[in-house]
Amino acid sequence: MKFLLHPSLQAIPRRLPRSRRVNLVFRLSALILLLSVLEAFYHSQVSLSIPRPAEHHNLDEPFSIGCQDVSKLVTRPRESAVLVMLARNSELKEARKTVENVEERFNKWFNYPVLFLNNEPWSEEFVRGMKEVVSGEVRFEVIPEGIWGPTAGLTEEVVGEYLRKQKEEGVYKGEIEGYHHMCRFYSGEFYNLDALKEYKYYWRLEPGVSYGCSLTYDPFVMMADRGKKYGYTVALWEEPNTCPSLFRTVDEFRTQNNIPMHPNWKAMIDEETNWLLKPAPIRWLLGKVLRREHYDIKGEKWNLCHYWSNFEIADLDFFRGEQYQKLFRHLDKTGGFYRERWGDAPIHSLAVHLLLGAEEMHHFSDVGYYHEPFWQCPQNAKGKQLLDNEMIGKAPKGMGEEQEGGHGCRCECGLGKKGDWRRRNNRGICLEKLQRPAAYVRPSWWDLRRRRWPYSVGFDEEGRYVM
């Protein structure tokens with residue numbers, strides 16, 4: 001009878017199993033999709049979440065609110081510290097302006113030594129000009145041969161080819177060999193200089209920068225008293241094409257040395273991408289297969305945030321310690337300082353977030369600082385400017401008004417553009433991200449949605465201290 005049935009009726013027994021197979025495939029696909037979504041949600045919202053400090057308070061507070069009576073502080077023993085400037089003979093005008101500014105705003109009271117570094121012999125004019133403006137000891141050192149230069153094993157031909165390629169690709173300062181030398185020097189070799197061995201702390205200065213507030217306390221003493229190892233001012237995004245493989249290389253060091261993904265390291269990971277787009281298979285594809293720029297091997301993406309290292313007050317023992325120097329050697333042997341244009345700023349930033357806890361880092365929010373083209377400048381603390389203090393002296397003509405909740409001392413903003421009294425001219429997105437591990441009180445989702453980024457931990461967007 002089977003052969004007498006219409007062909008369409010003969011196909012019915014075969015259709016049933018096929019439909020069941022299709023249904024099974026659909027159900028399995030739906031299950032896999034659901035599990036991927038749940039995994040992506042858990043990974044983004046739980047695994048990468050940054051908990052509030054267990055101490056139930058902010059882990060970083062201002063060192064000072066307003067001006068301090070310097071006469072009571074200068075009698076306290078100094079820390080073993082030095083102000084350091086890397087400069088060229090041709091930068092005498094800019095270097096002198098910066099040092100005069102720092103002397104007027106800080107060092108005329110505390111008289112810390114100033115060390116000048118150059119990769120070439122100093123001119124008599126530069127030495128004479130700087131000795132005229134430094135209140136304490138001043139030293140002029142030439143960087144030893146073999147320290148200022150390319151990674152061992154890189155020939156001039158190879159370096160030249162790297163620089164030509166970076167120029168063609170429009171990498172910022174990628175074609176300047178001396179800039180690569182400087183970044184490598186400040187990333188590792190700097191900390192092992194004989195000229196720095198006697199010191200524990202350093203304050204990095206740069207020719208041409210300006211300080212808009214008076215610092216009437218000793219930052220080195222405060223760093224020691226509060227267990228801080230790294231201090232900064234401005235946080236920004238790095239230029240993406242300068243360091244495509246840097247984050248992956250640092251994270252390789254992390255995994256090789258079994259360093260956990262603690263909250264301070266998680267602050268470096270991008271959470272802006274919609275979590276729905278980051279399930280495990282996609283992360284695996286981006287990180288391990290495609291090896292996308294700024295991704296680690298597990299598919300986590302660096303948010304590109306870093307501290308501007310042209311201002312640093314930091315613990316030299318940390319940077320010349322075994323862990324940091326091991327990290328530097330790991331980076332150096334890859335040739336990335338020349339194959340790409342790795343900067344010392346992102347390297348320092350990634351390192352401190354990898355090797356330090358949030359409680360060991362400090363935002364110098366009370367320091368008015370300008371390095372072209374960006375600045376930060378705090379509100380002046382109301383009633384705490386000590387205008388009659390003879391040792392501090394007269395207030396500058398351009399001093400800003402005193403404000404409730406302010407914490408600056410004799411601050412004169414508008415450093416970058418006269419009359420521009422904004423607290424900063426760069427958005428606080430990176431600063432909020434990087435400070436999150438230290439922040440118990442955080443801006444609300446609505447504040448961030450409205451781009452109301454806090455000036456610092458414990459401050460509102462207008463720079464008023466709220467804690």
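The residues of the chain are indexed from 1 along the displayed sequence.
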Parallel, tilted or perpendicular: ring planes of Phe328 versus Phe337, cut at 30 and 60 degrees: tilted
Looking only at atom types and distance, does a side-chain atom of Asp296 sit under 3.5 Å from a main-chain N or O of Glu300, one as donor and one as acceptor? yes
Tell me whether the rings of Phe247 and Trp265 are parallel (<30°), tilted (30 to 60°) or perpendicular (>60°). parallel
Report the C-alpha separation of Ser187 and Ile347 in whole Å, then their side-chain angles, then the decisive distance to 0.1 Å, and conclude whether the side-chain contact (heavy atoms from CB on, under 4.5 Å) test is met. CA-CA 7 Å; Ser187 294; Ile347 287 175; 3.6 Å; yes
When you measure from the side chain of Arg339 to the backbone of Tyr162, do you find a donor-acceptor pair of N or O atoms at a distance under 3.5 Å? no
Evaluate the salt bridge (charged side-chain N to carboxylate O under 4.0 Å, His left out) criterion for residues Arg184 and Asp344: first the C-alpha distance (whole Å), next the side-chain angles of each, then the deciding distance (0.1 Å), finally the verdict. CA-CA 7 Å; Arg184 178 177 179 269; Asp344 54 285; over 6 Å; no
In sequence, state the C-alpha distance, the side-chain angles, and the governing distance for Arg320 and Asp317, and then conclude on salt bridge (charged side-chain N to carboxylate O under 4.0 Å, His left out). CA-CA 5 Å; Arg320 58 192 170 206; Asp317 287 343; 3.2 Å; yes
Checking Lys173 against Glu175 for the salt bridge (charged side-chain N to carboxylate O under 4.0 Å, His left out) test, could you report, in this order, the C-alpha distance in whole Å, the side-chain angles of both residues, the deciding distance, and whether it holds? CA-CA 6 Å; Lys173 294 188 177 181; Glu175 76 281 7; over 6 Å; no
Decide salt bridge (charged side-chain N to carboxylate O under 4.0 Å, His left out) for Arg452 and Asp447; before the verdict, give the C-alpha distance in whole Å, the side-chain angles of both, and the deciding distance to 0.1 Å. CA-CA 5 Å; Arg452 297 171 58 181; Asp447 285 334; 3.4 Å; yes
Between Trp109 and Glu104, the two heavy atoms sitting closest are CH2-O, 4.0 Å
Within the 3.5 Å criterion, strictly below it, is a donor on His348 or Ser309 matched to an acceptor on the partner's side chain? no
Let me see the working for Trp308 and Phe374 under side-chain contact (heavy atoms from CB on, under 4.5 Å), right down to the final yes or no. CA-CA 10 Å; Trp308 234 11; Phe374 299 113; 3.5 Å; yes
Could you tell me whether Lys200 and Glu79 make a salt bridge, using a distance below 4.0 angstrom between a side-chain N and a carboxylate O? no
Would a distance-only check, ignoring hydrogens and angles, find a side-chain to backbone donor-acceptor pair under 3.5 Å from Asn89 to Pro121? yes
What about Phe319 and Phe190, are their ring centers closer than 6.0 Å? no
Could you verify whether a donor N or O on one side chain and an acceptor N or O on the other, from Tyr217 and Asp366, lie under 3.5 Å apart? yes
Is the shortest side-chain heavy-atom distance between Glu461 and Arg451 below 4.5 Å? no
Just checking, is any N or O donor in the side chain of Lys197 or Asn192 under 3.5 Å from an acceptor N or O on the other one? no
Polar side-chain atom of Arg442 near backbone of Ala439 as donor-acceptor pair, under 3.5 Å: yes
How about Ser135 and Asn111: does a side-chain donor come under 3.5 Å of a side-chain acceptor? yes
Are Arg164 and Glu161 within salt-bridge range, i.e. N to O under 4.0 Å? yes
Identify whether the distance between the nearest side-chain nitrogen and carboxylate oxygen of Glu359 and Arg226 falls below 4.0 Å. no
Between the side chains of His407 and Ser365, does any donor sit under 3.5 Å from an acceptor? yes
Please tell me whether Glu206 and Thr98 have a donor and an acceptor in their side chains that are separated by less than 3.5 angstrom. no
Result of checking Phe63, Tyr230, Phe220 against His362 for ring-ring contact (aromatic ring centres under 6.0 Å, His included): Phe63
Among Tyr186, Trp203, Tyr202, Tyr307, find the one that has a side-chain hydrogen bond (donor to acceptor under 3.5 Å, both in side chains) with Glu312. Tyr202
Which atom of Glu402 lies closest to which atom of Leu387, heavy atoms considered: OE2-CD1, 4.2 Å
Within the side chain of Arg424, is there an N or O that forms a donor-acceptor pair under 3.5 Å with the backbone of Trp375? no
Just wondering, do His180 and Pro150 contact through their side chains at under 4.5 Å, heavy atoms? no
Are Asp332 and Thr151 linked by a side-chain donor-acceptor pair shorter than 3.5 Å? yes
Non-hydrogen side-chain atoms of Phe311 and Val209 separated by less than 4.5 Å: no
Derivation and outcome, side-chain contact (heavy atoms from CB on, under 4.5 Å), residues Met130 and Met85: CA-CA 11 Å; Met130 299 313 301; Met85 178 183 286; 5.6 Å; no
Can you tell me if Asn58 uses its side chain to pair, donor with acceptor, with the backbone of Val441 under 3.5 Å? yes
Does a donor on one side chain sit under 3.5 Å from an acceptor on the other, for Glu198 and Ser80? no
Cys pair Cys213/Cys377: SG distance under 2.5 Å? no
Would you say Asn380's side chain and Gly400's backbone share a donor-acceptor pair under 3.5 angstrom? yes
Is it the case that Asp460 and Tyr465 place a side-chain donor and acceptor less than 3.5 Å from each other? no
Shortest non-hydrogen contact from Pro207 to Ala95? CB-N, 3.9 Å
Do His57 and Tyr440 have ring centres separated by under 6.0 Å? no
Using the rule given for ring-ring contact (aromatic ring centres under 6.0 Å, His included), can you reason through Phe110 versus Phe106, listing the C-alpha separation, both sets of side-chain angles and the distance that settles it, and then say yes or no? CA-CA 7 Å; Phe110 295 94; Phe106 166 74; 5.0 Å; yes
Please report the C-alpha distance between Tyr201 and Val82 in whole Å, then the side-chain angles of each, then the deciding distance to 0.1 Å, and finally whether the side-chain contact (heavy atoms from CB on, under 4.5 Å) criterion is met. CA-CA 7 Å; Tyr201 296 98; Val82 62; over 6 Å; no
Is it true that, when you exclude Glu124 itself, more than 12 heavy atoms of the residues, nucleotides or ligands shown sit nearer than 6.0 Å to its CD? no
Ignoring hydrogens and geometry beyond distance, is a side-chain donor-acceptor pair present between His363 and Gln376 at under 3.5 Å? yes
Is a side-chain donor or acceptor of Ser349 paired with a backbone partner of His306 at a separation under 3.5 angstrom? no
For the student: nearest non-hydrogen atoms of Leu431 and Thr233, plus distance: CD1-O, 4.3 Å
Salt bridge check: are Asp251 and Arg254 linked by an N-O gap of less than 4.0 Å? yes
